[in-house]
Structures are given as structure tokens and as C-alpha cells.
A.B. asks: 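Handing you a structure now.
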Number of protein chains: 2
Amino acid sequence: MERNTRQRTAIRQAIADAARPLLPQEILQAAEPEAPGLSIATVYRNLRMLVDDGELKSVLLPGEVARYELTGDGHHHHHFQCLSCQRVFEVEACPGDLSSLAPPGFTVEDHDLTLYGRCNECAPAGKAKSRKPAHDHAAGHSHRHR
Amino acid sequence: MERNTRQRTAIRQAIADAARPLLPQEILQAAEPEAPGLSIATVYRNLRMLVDDGELKSVLLPGEVARYELTGDGHHHHHFQCLSCQRVFEVEACPGDLSSLAPPGFTVEDHDLTLYGRCNECAPAGKAKSRKPAHDHAAGHSHRHR
DNA sequence: ATCTTTGCAAAATGTTTGCATCCTG
DNA sequence: CAGGATGCAAACATTTTGCAAAGAT
């Protein structure tokens with residue numbers, strides 16, 4: 001990744017402008033106005049390059065397609081997904097060391113945590129197209145091709 | 001889902017016999033000897049039926065394809081993935097209430113937690129085909145087609 | 001001018017579905 | 001023997017890749 005193209009700039013900008021991790025499709029839509037004719041293949045190619053470069057980080061939530069956010073200072077953090085609008089937000093807090101939770105003989109090196117609930121824009125009452133509670137997973141659909 | 005077929009019995013048994021959540025492919029391989037000619041389509045169809053029936057639960061880890069485990073008593077628990085062998089194990093412990101971690105205006109209803117490290121069979125040194133640390137996600141690959 | 005990057009279309013993956021047939025109850 | 005369940009292949013959604021054309025330095 002060495003040259004600066006209109007497409008790459010638009011993709012970078014789209015992610016930088018978002019206040020939350022975006023889906024490849026959202027990135028395409030956000031960047032397309034800046035780079036007319038932008039193709040999804042180019043979005044994927046650039047996402048991969050930017051992640052390899054350390055400029056971006058992919059945000060993987062259980063059963064969800066990868067989203068992307070700026071690496072920023074790269075500090076440890078987690079994510080929150082709204083059960084109503086499905087959008088994902090960064091969460092600064094972290095429960096800390098969880099090595100005591102592992103079974104004997106197992107060593108913990110890292111962890112991933114996702115919180116589920118309602119974001120500030122979605123009323124805690126409005127049970128819209130909600131995802132099922134995390135430990136009540138619906139049928140397998142990592143590839144359910146949402 | 002009303003009839004008892006050789007295939008369905010084999011699938012149920014394969015999952016019951018496993019000490020950990022299995023991938024659809026692992027289920028196919030484990031059940032095939034009991035039900036020769038078993039097709040992957042049948043595995044998927046039954047997994048979905050059994051999940052809908054509440055007999056099974058899908059285990060979704062970040063960036064991973066769905067795995068399946070028995071619902072059992074359906075108690076709240078989490079999972080551990082070995083960075084060396086990639087296998088997933090159940091973890092009884094839970095950090096408890098995490099609602100304080102959410103940003104103001106957000107309400108937490110549930111959470112998902114995944115621990116990463118080495119299982120009892122994989123030496124903490126053997127850095128085999130390991131997954132990257134959780135907050136250092138590799139490029140998107142919910143569909144990375146392992 | 002060179003060599004990266006793009007767009008398009010085709011391939012690869014994991015999962016789902018249509019349909020004729022098979023088998024359970 | 002009726003209707004659910006299976007196997008096969010085709011369909012799907014998402015992501016990747018081959019290749020010729022376009023573009024950046």
C-alpha cells in the first residue's frame with residue numbers, strides 16, 4: 001500500500017468520520033459519494049491492507065460480520081451492541097484480569113467482551129428487530145447472510 | 001420435527017458425546033459413521049431444528065463460525081478458545097454484573113465473554129497456528145472461509 | 001514509464017433451499 | 001400410506017481473486 005488513490009482516501013475518511021465501527025457495506029455507502037463507482041472489492045482490499053498496516057482494526061462480535069474502526073492509540077477496549085438498532089459502539093471500560101475464570105490447567109492470555117442492551121438513541125422499551133440475548137443464541141448464522 | 005431418523009439420532013449423539021461445542025463439519029464427521037451418507041445439508045437442517053426446539057444452543061465466538069452444544073440446564077456461562085488448537089470449551093465462571101461498564105445513556109441487558117489462551121492439552125509455549133489476540137483482530141473473517 | 005490500484009466478473013466458502021424420493025409412524 | 005426427512009444440486013450472501021484497463025508518482 002503505497003499510493004494514495006481517491007478510493008483509499010474516501011474509505012479512510014468514511015471510517016474516520018464514523019463514531020462507531022462500520023460494516024464493509026456501510027463503508028462502501030459512506031465512501032461512494034467521494035469516489036463514484038467505488039466497488040465493494042476495492043473496499044475489502046483496502047480494509048485488509050489498512051488492517052495489515054495497523055491503521056485499522058477489525059471489530060468481531062459473536063455471530064456478526066466484521067466491522068472496522070480506526071486503531072487510534074490501540075488501547076484495550078470492548079464493544080456494546082444495541083439490541084434494537086444493531087449498531088456497535090466502543091466501550092472504554094474493562095472488567096480487568098479474568099484469568100481466575102478459566103478451568104484448572106488452562107491459561108488465559110486475553111479476552112473479548114461484548115455488552116448488549118439499548119443505546120442512547122433506542123428507548124429501553126422499544127423492542128424492535130432485536131437480537132436474542134447473547135446466551136440464548138439463535139440458530140447458527142455467522143453465515144446466515146444477513 | 002417429529003420423527004426419529006437415524007440421521008437425527010446420530011447428530012444428537014455426536015453432540016452429546018462431545019465435551020465441547022462442535023462445528024457443523026465436526027458434527028458431520030462424528031455422526032457419519034452412525035448414519036452413512038449423511039449430508040451436510042441434513043446436519044444444518046437438524047441443527048436449526050434442534051436449536052429452535054431448545055435442545056441445542058449455538059455458540060458464537062467473535063469471528064468464528066457457529067458451534068453447537070447441548071442446552072442442558074441452560075445456565076449462563078461463557079467460553080474459552082485455545083489459541084493453539086482453536087477448540088472451544090465451556091467456562092462456568094462469569095464476572096457478573098457489567099452494567100457499570102456501559103456509557104451513560106446506555107442500558108446493559110446481557111453480555112458475552114470469550115477467554116483466549118492455552119487449553120490443558122496445548123503447552124503455553126507451543127505457538128502453533130494461533131489466532132491473534134482478541135483485541136488485535138486479524139482482518140475480517142466471519143466469512144474468512146477458514 | 002512503471003508498477004500499484006481499480007472494476008468487473010468469476011471463484012471460493014459456509015449455509016440454505018427446491019425437489020423428487022425415501023422412510024417413519 | 002401420508003407427510004415429514006433426506007440427498008443432491010442449485011441458490012445465496014459474503015469475501016477473495018484473476019485480469020485487463022486506469023491511475024499515481
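What you are looking at is a predicted structure, and each value in this text was computed from that prediction instead of being measured. FYI, side chains are in, hydrogens and waters are out, and symmetry mates aren't considered; it's all heavy atoms of this structure. Chain naming here is simple, since letters A, B, ... match the order of the sequence lines and numbering starts at 1 in each.
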A.B. asks: Which donor-acceptor pairs under 3.5 Å do the side chains of residues 13-30 of chain A make with protein atoms, sequence neighbours left out?
C.D. replies:
residue: A/Q13; atom: NE2; partner: A/D17; partner atom: OD1; Å: 2.8
residue: A/E26; atom: OE1; partner: A/L23; partner atom: N; Å: 2.8

A.B. asks: Would you mind reading off the distance between B/I40 atom CD1 and D/dA10 atom P, rounded to a whole angstrom?
C.D. replies: 18 Å
A.B. asks: Between B/Q7 and D/dG7, is there a contact of a side-chain N or O with OP1 or OP2 at under 4.0 Å?
C.D. replies: yes
A.B. asks: Less than 3.5 Å apart, which donor and acceptor atoms pair up between the side chains of residues 98-107 of chain A and the rest of the protein, not counting sequence neighbours?
C.D. replies:
residue: A/S99; atom: OG; partner: A/D97; partner atom: OD1; Å: 3.0
residue: A/S99; atom: OG; partner: A/D97; partner atom: OD2; Å: 2.9

A.B. asks: Please state how far atom CG in A/L47 lies from atom P in D/dT16, giving the value in whole angstrom units.
C.D. replies: 9 Å
A.B. asks: Starting at atom CG of A/L23, determine the distance to atom C1' of D/dT14, rounded to an integer number of angstrom.
C.D. replies: 12 Å
A.B. asks: What distance do A/Q81 atom CD and B/D110 atom CG have between them, rounded to the nearest 0.5 Å?
C.D. replies: 11.5 Å
A.B. asks: How close do A/R118 and A/S84 get, counting heavy atoms only, and between which atoms?
C.D. replies: NH1-CB, 3.4 Å
A.B. asks: Scan A/R6 against the nucleic acid and name what it touches under 4.0 Å (heavy atoms): base, sugar-phosphate only, or nothing.
C.D. replies: nothing
A.B. asks: Less than 4.0 angstrom between a side-chain N/O of B/N4 and OP1 or OP2 of D/dG4, yes or no?
C.D. replies: no
A.B. asks: Between D/dT14 atom P and A/I27 atom CD1, what is the distance in whole Å?
C.D. replies: 14 Å
A.B. asks: For A/V91 and A/H77: C-alpha separation, side-chain torsions, deciding distance, then whether side chain to side chain contact (heavy atoms under 4.5 Å, CB included) applies.
C.D. replies: CA-CA 6 Å; A/V91 169; A/H77 65 265; over 6 Å; no
A.B. asks: What's the closest nucleotide to the A/R45 side chain, out of C/dC8, C/dT17, D/dA24?
C.D. replies: C/dC8
A.B. asks: Between D/dG4 and B/R8, counting only base atoms on the nucleotide and side-chain atoms on the residue, is there a donor-acceptor pair under 3.5 Å?
C.D. replies: no
A.B. asks: Assess, by modelled atom type and distance only, whether the side chains of B/E69 and B/H79 contain a donor and an acceptor separated by less than 3.5 Å.
C.D. replies: yes
A.B. asks: Rounding to a whole Å, what distance do you find between A/R3:CZ and D/dA22:P?
C.D. replies: 16 Å
A.B. asks: Can you tell me which nucleotide in C/dT16, C/dG14, C/dG18 comes closest to the side chain of B/V65?
C.D. replies: C/dG14
A.B. asks: Tell me, which of residues 29-39 of chain B have any heavy atom that sits under 4.0 Å from an atom in DNA chain C?
C.D. replies: none
A.B. asks: Separation of A/L50 atom CG from C/dT5 atom P, in whole Å?
C.D. replies: 11 Å
A.B. asks: Let's see if you can work this out: which of C/dC19, C/dG14, C/dT5 has an atom nearest to the side-chain heavy atoms of B/Y44?
C.D. replies: C/dG14
A.B. asks: Would you please confirm or rule out a distance under 4.0 Å between OP1 or OP2 of C/dT4 and any side-chain N or O of A/T5?
C.D. replies: no
A.B. asks: Specify the separation, in whole Å, of atom CZ of B/R48 and atom C1' of D/dT6.
C.D. replies: 17 Å
A.B. asks: Is there a chain of hydrophobic side chains (I, L, V, M, F, W, Y, each step under 4.5 Å between heavy atoms) that links A/F89 to A/L56?
C.D. replies: no
A.B. asks: Please tell me which of the listed nucleotides, D/dA5, D/dG23, C/dG7, lies nearest to the side chain of B/M49?
C.D. replies: D/dA5
A.B. asks: For A/L28 and D/dA13, what is the distance between atoms CG and P respectively, to the nearest whole Å?
C.D. replies: 16 Å
